[in-house]
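Only heavy atoms go into these numbers, but all of them, side chains included; no hydrogens, no water, no symmetry mates. Residue numbers run from 1 in the order of the sequence given.
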Amino acid sequence: MRTAYTSDQIRSAELALMARLPEGTLMDRAAAGLAAVCAHLLAGSRGRVYGSRTVLLIGSGDNGGDALYAGARLARRGARVEAVLAGSRTHEGGLAALRKAGGRAHPYDAARARELLADADLVMDGLVGIGGSGPLREPYGTLAELTAEAGGLVVAVDVPSGVDASSGRVEGPAVRAHLTVTFGAYKAGLLVDPGATHAGAVELVDIGLGPFLPDPEVAALTADDVADLLPRPGEESDKYRRGVVGIAAGSDRYTGAAVLSVGGAVRAGAGMVRFASSAEPVRLVRARWPEAITTVLDPSLVLKSSLDEVGRVQAWVLGPGLGTGPEAHAVARAVLSTGVPVLVDADGLTLVAKDRTLLRRAAPTVLTPHAGELSRLLGVPRERIEAGRLDHVRRAAAELGATVLLKGSTTLVAEEHRPVRVNTTGTPWLATGGTGDVLSGIAGALLAAGLTGYDAASCAAYVHGLAARTAAGGGAAGRGQAPIAALDVAQALPEALRTL
């Protein structure tokens, strides 16, 4: 599992480690690792380090010192290293090392900086480290914008300048790196958008912090973690032991959501799917997924909060395409009054936002909103949620008493008193109608199989993203991928699961 930490946690660990080491050891380790990564990049792009053009953007703090010492190492290997000194002060030891190795340093000048960046093979962003918060002051903001004009690769030192290392917030100009070389441990803001987008690929350099790190604030499951958590049928398994999931979804107006959520559950390996809805969605689900046991809901029974006609289930999925009228509200109340885990999605979230009493239940509840739906649940503007996804998903889990899966470019899973889990799979092609319905079916199947809400949501997001990559083609890097439809994701689930 990849774990990530806040700036305060990292600084505390650094102080504890530095107390046991000679002065300057930590910076030397960081600079050595940074230089090694940059040398590898230069050798890959130019075929050699010697003669390459490297530009260092240097701020006032230790982040600038890391970059200067790394630049000195590259200069000793024959690189032409130029440093732009943008801070009110400069790390003296690092600057002396750069000059001694043959590198050159220049006071900040916007026109000169633009020229240097345009000709650079590699740019090292050493302006602001993990202590930075809020908008970049000048001239850092201008330099961050100028990195977009750089002719070569942009490498951020520890964290891209302008990105809050703890939360991933970006308030104003920020460096967009091709690669971030981070020291000691992953920073939470490197894994969560918008910070993750600015960080690019992230490479960790071990400087010895491990024994001094506390419990993480953020974690990301790996393929091995998901493989260990996913339920596997044994020799004595039957469809009931594997998990029976009930799905209350779809309406005469929104029929596709029913087909897609049932498809997600079937293809994710549910032992049995019991689908309940009005007549038209039932007809279409029967035609597309004959494996599902279907029930046309009797409105008079639903209004009495009774779902006995559906049969026994071990978890429910509620909401995709359900509608938000009185009958849909009655279905929601009936499902949420059961004593089994319930996943609430789409229209179900709208109903819950209007009537929070629906969430007064003892059994586990998983909510799967996108930012707009979470905005309605919390009464917070959508743009604030997008800007601070980590803070708001934590708040939602605490206020709503549920596991919350916040969908988006970075999918987050939060549960009170647990690290927020960041999903690392997926593709931009997932941004199409209906893919969330498939996700709800996957998660519902895992809930019915006995996973906790926290694990079911986390594994479902991972597998969903993996299936989307499989359906789109082109591999994890995304090159060569093609558009996909939601049903393609459901169909690709068995192949994705085989890789785990």
Do any N or O atoms from the side chain of [X] and from the backbone of [Y] form a donor-acceptor pair under 3.5 angstrom?
{"X": "N423", "Y": "A220", "answer": "no"}
{"X": "T3", "Y": "A219", "answer": "no"}
{"X": "R274", "Y": "R312", "answer": "yes"}
{"X": "Y462", "Y": "A223", "answer": "yes"}
{"X": "S337", "Y": "R333", "answer": "yes"}
{"X": "S12", "Y": "Q9", "answer": "no"}
{"X": "S167", "Y": "G189", "answer": "no"}
{"X": "H464", "Y": "A460", "answer": "no"}
{"X": "W289", "Y": "V259", "answer": "yes"}
{"X": "S133", "Y": "D164", "answer": "no"}

Ignoring hydrogens and angles, state whether a donor on the side chain of [X] or [Y] is under 3.5 Å from an acceptor on the partner side chain.
{"X": "R469", "Y": "T427", "result": "no"}
{"X": "D225", "Y": "T222", "result": "yes"}
{"X": "T182", "Y": "K187", "result": "yes"}
{"X": "D8", "Y": "T6", "result": "no"}
{"X": "T365", "Y": "R361", "result": "yes"}

What pair of heavy atoms forms the shortest contact from A265 to I247, and how long is it?
->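 For A265 and I247, the tightest heavy-atom pair comes out as CB-CD1, 4.0 Å.
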Heavy-atom pair of closest approach, residues A188 and S166 = CB-O, 3.3 Å
Contact check, side chains of [X] and [Y], non-hydrogen atoms, under 4.5 Å:
{"X": "Y454", "Y": "V366", "value": "no"}
{"X": "V340", "Y": "W316", "value": "yes"}
{"X": "T180", "Y": "E203", "value": "no"}
{"X": "L487", "Y": "L260", "value": "yes"}
{"X": "L191", "Y": "R2", "value": "yes"}
{"X": "D347", "Y": "P320", "value": "no"}
{"X": "L439", "Y": "L405", "value": "yes"}
{"X": "Y186", "Y": "V202", "value": "yes"}

L179, L41, L42, V123 screened by side chain to side chain contact (heavy atoms under 4.5 Å, CB included) with L153, the one that passes |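 So the option named by the test is L41.
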Looking at L349, T368, L406, which one forms a side chain to side chain contact (heavy atoms under 4.5 Å, CB included) with L374?
-> L406
Identify whether the distance between the nearest side-chain nitrogen and carboxylate oxygen of E14 and R11 falls below 4.0 Å.
->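 So E14 does not pair with R11 through a salt bridge.
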Hey, are E217 and R394 close enough for a salt bridge, meaning a charged N less than 4.0 Å from a carboxylate O?
->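 A salt bridge links E217 with R394.
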Run the side-chain contact (heavy atoms from CB on, under 4.5 Å) check on D125 and V157 step by step: do they pass?
-> CA-CA 6 Å; D125 162 32; V157 179; 5.5 Å; no
Approximate separation, where rounding is to 0.5 Å, of H178 NE2 and T147 OG1 = 9.5 Å
Give, for atom CG of L343 and atom CG of L318, the distance between the pair rounded to the nearest 0.5 Å.
->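 L343 CG to L318 CG: 8.5 Å, rounded to 0.5 Å.
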Where at least one partner belongs to [range], residue pairs that pass side-chain hydrogen bond (donor to acceptor under 3.5 Å, both in side chains), sequence neighbours excluded:
{"range": "residues 396-411", "answer": "D193-S409, D193-T410, D345-K407, R395-E399, T403-E415"}
{"range": "residues 485-500", "answer": "R267-Q491"}
{"range": "residues 247-261", "answer": "D252-S278"}

